[in-house]
**Student:** 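Submitted below is the structure of interest, expressed as structure tokens.
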Protein chains: 2
Amino acid sequence: MPRPKTHDEALRTRLLDRAGELLSSEGAAALSLRKLAADVGTSTTAVYSLFGGKPALVRALYMEAFRRLGTRLQAVQPTGDPAEDLTRLGIAYRDSALADPHLYGIMFGGHPGFEPDEEATAQARAALEPLLNVIAAGARAGVFPDTTHTMAMGCWGIVHGLVSLELCGNLPPDMDVAATYERALRANTSGWRR
Amino acid sequence: MPRPKTHDEALRTRLLDRAGELLSSEGAAALSLRKLAADVGTSTTAVYSLFGGKPALVRALYMEAFRRLGTRLQAVQPTGDPAEDLTRLGIAYRDSALADPHLYGIMFGGHPGFEPDEEATAQARAALEPLLNVIAAGARAGVFPDTTHTMAMGCWGIVHGLVSLELCGNLPPDMDVAATYERALRANTSGWRR
DNA sequence: CGAGGTTCCGTAACGCCGTTACGAAGGTAT
DNA sequence: ATACCTTCGTAACGGCGTTACGGAACCTCG
């Protein structure tokens, strides 16, 4: 007896996909509920019934962004050399960010109204598990210190920091970023060597 | 014969000060031209005649933020040990960011509509001169490599990255951030040792 | 097969925002 | 005193996120 729902899971994914496209092509400022709904051929109400509002939509994008990052990091095949693996993870991290800078901005840019809750930060941490695994393996092999979490924070810090500086345009335009990035990663890794 | 100006330099600084206060107390989302003008006792027109619009106001805050950061970094007294100086600079950097997180967000968060122009990025680079000086001194002393700019990027990356992660709430709440931060800084520095 | 009822969703309104055009305000020179 | 020129506050415009509401769509039952 009820009217059948058109605000269903399919529409949810279409909204999420289009939101990601808008974000990638025109930036975060251009991501408005009105434009999004019009593009998908529905009304803004859909976003409220399917997500709950704009912050909740951003949250969904946040989760998706970390999911993609985690997938890319998991795809890095271990070589047996923890230091080398660490560098490769860092490069994969940067590739992931450069592949969709605006999505990276969702993860760390801090959108107005959205604060990651516990589940969201758990998703973020889960994406970095390959990093923890490599560092823990290095610790077991005796090349890294036993303070796995401390070292993981340092490594996450440097990859995030460099990528963030690059995306903000804070690096000199004539710099060979890829090479300098890798050099900085290796220096940092060797500093943690036991 | 003209009506005397009330949109003068004094009003400009009052607007800038209040904008900084609003930013610090209520965040970037609460910084609206209407509220700002009302607080200062003028109209939104003042912002347009004195700055040129909201992005230009944000630009002024951006310049001010990097000016303050530069002042704090310059206040770090060299010890003669470049590695130690590097750590102290990193701690001063974090202190500066924690002193006003929202102002730090202006520098790297990327506000909608504002892209730093050449002069703004020059101001940003100038603030980091103490970092370059210490690294160059270390290179002259033979403890750091000759690739000063590469190493500077790495060092900026790790301090910015860790501070950024902390401000985003991406670090575990039970972590002793100050100690871990310093540990990561020292590891990174020692990795650059020649 | 049509009427009723229940659920659902698009429209439209509200209060914000940044931006801009315009008319009133105010001091100066005649 | 009046005319004029600069300056600034008011108000309007389009767009935003959000929400209340009324009509639309379907199933069920007579």
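Just so we're on the same page: letters track the sequence lines, and every chain starts at 1.
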**Student:** Taking the side chain as everything from C-beta on, heavy atoms only, tell me whether A:L31 gets closer than 4.5 Å to A:H102.
**Tutor:**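 A side-chain contact is absent here, since even the closest heavy-atom pair is not under 4.5 Å.
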**Student:** Indicate yes or no: does A:R59 engage A:E115 in a salt bridge with an N to O separation below 4.0 Å.
**Tutor:**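 Looking at A:R59 and A:E115, the cut-off is not met.
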**Student:** Say whether, by atom type as modelled, one donor and one acceptor occur between the side chain of A:R194 and the main chain of A:V143 under 3.5 angstrom.
**Tutor:**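 Flag not set: sc A:R194 to bb A:V143 has no pair under 3.5 Å.
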**Student:** Which nucleotides of nucleotides 12-17 of chain C have their base under 4.0 Å from a protein heavy atom (B), which only their sugar-phosphate (S), and which neither (-), written as one string 5' to 3'?
**Tutor:** -B---B
**Student:** Atom NZ of A:K5 and atom P of C:dG10: how far apart are they, to the nearest Å?
**Tutor:**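 Computing the A:K5:NZ to C:dG10:P distance gives 13 Å.
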**Student:** Using the rule given for side chain to side chain donor-acceptor pair (under 3.5 Å), can you reason through A:Y104 versus A:H160, listing the C-alpha separation, both sets of side-chain angles and the distance that settles it, and then say yes or no?
**Tutor:** CA-CA 10 Å; A:Y104 191 80; A:H160 164 60; 2.7 Å; yes
**Student:** Out of curiosity, B:M107 CE to B:S164 OG, how far, rounded to the nearest 0.5 Å?
**Tutor:**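 Here the rounded value is 11.5 Å.
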**Student:** With rounding to the nearest 0.5 angstrom, report the CZ to CH2 distance, A:R183 to B:W192.
**Tutor:**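 Interatomic distance, A:R183 CZ to B:W192 CH2, rounded to 0.5 Å: 4.5 Å.
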**Student:** Within this structure, what is the CG-to-P distance between B:L36 and D:dG9, rounded to whole angstrom?
**Tutor:**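 B:L36 atom CG is separated from D:dG9 atom P by 13 Å.
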**Student:** To the nearest 0.5 Å, what is the distance between OG1 on B:T121 and CZ on B:F66?
**Tutor:**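 The CZ atom of B:F66 is 9.5 Å from OG1 of B:T121, to the nearest 0.5 Å.
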**Student:** Below 4.5 Å, heavy atoms only, C-beta onward: do B:P172 and A:R125 meet side chain to side chain?
**Tutor:**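 They are in contact (side-chain heavy atoms under 4.5 Å apart), so the answer is yes.
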**Student:** Regarding B:S49, tell me which of base, sugar-phosphate or nothing describes its non-hydrogen contacts under 4.0 Å with the strands shown.
**Tutor:**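 Here B:S49 touches no strand at all.
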**Student:** Classify B:P55 by what it touches in the nucleic acid, base, sugar-phosphate, or nothing, heavy-atom distance under 4.0 Å.
**Tutor:**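 The answer is sugar-phosphate, as B:P55 gets under 4.0 Å only of primed atoms, P, OP1 or OP2.
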**Student:** Do A:P130 and A:V76 have side chains that approach each other closer than 4.5 Å (heavy atoms only, starting at C-beta)?
**Tutor:**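 Contact flag for A:P130/A:V76 side chains = no.
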**Student:** What's the shortest heavy-atom distance between B:P145 and B:M151, and which atoms?
**Tutor:**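 Taking every non-hydrogen atom into account, CD-SD, 4.0 Å.
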**Student:** Contact list please: residues 11-18 of chain B against DNA chain C, heavy atoms, distance less than 4.0 Å, in numerical order.
**Tutor:**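 The answer is none.
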**Student:** Angle between the two end axes of the helix from C:dC1-D:dG30 to C:dT30-D:dA1, five base pairs per end, rounded to 10 degrees?
**Tutor:**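 For the helix from C:dC1-D:dG30 to C:dT30-D:dA1, the axes at either end differ by 40°.
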**Student:** What is the distance, to the nearest angstrom, from the CD atom on A:E26 to the C1' atom on D:dC16?
**Tutor:**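 The answer, rounded to whole Å, is 16 Å.
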**Student:** Give the rounded distance in Å between these two atoms: OH of B:Y48 and C1' of C:dT20.
**Tutor:**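 Going from OH in B:Y48 over to C1' in C:dT20 covers 8 Å.
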**Student:** Which part of the nucleic acid does B:G53 contact within heavy-atom distance under 4.0 Å: base, sugar-phosphate only, or nothing?
**Tutor:**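 Sugar-phosphate contact only - B:G53 comes under 4.0 Å of backbone atoms but never of a base.
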**Student:** Ignoring hydrogens and geometry beyond distance, is the side chain of B:R3 in donor-acceptor contact with the base of D:dT6 at under 3.5 Å?
**Tutor:**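 There is none.
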**Student:** So if I take every side-chain heavy atom of B:H7 and compare against D:dT18, D:dT7, D:dG9, which nucleotide ends up nearest?
**Tutor:**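 Looking only at side-chain atoms, B:H7 lies closest to D:dG9.
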**Student:** Over how many whole Å does the gap from A:D8 atom CG to C:dC9 atom P extend?
**Tutor:**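 From A:D8 CG to C:dC9 P: 8 Å.
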**Student:** Could you check whether any side-chain heavy atom of A:V159 comes within less than 4.5 Å of a side-chain heavy atom of A:L185, counting everything from C-beta outward?
**Tutor:**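 In contact.
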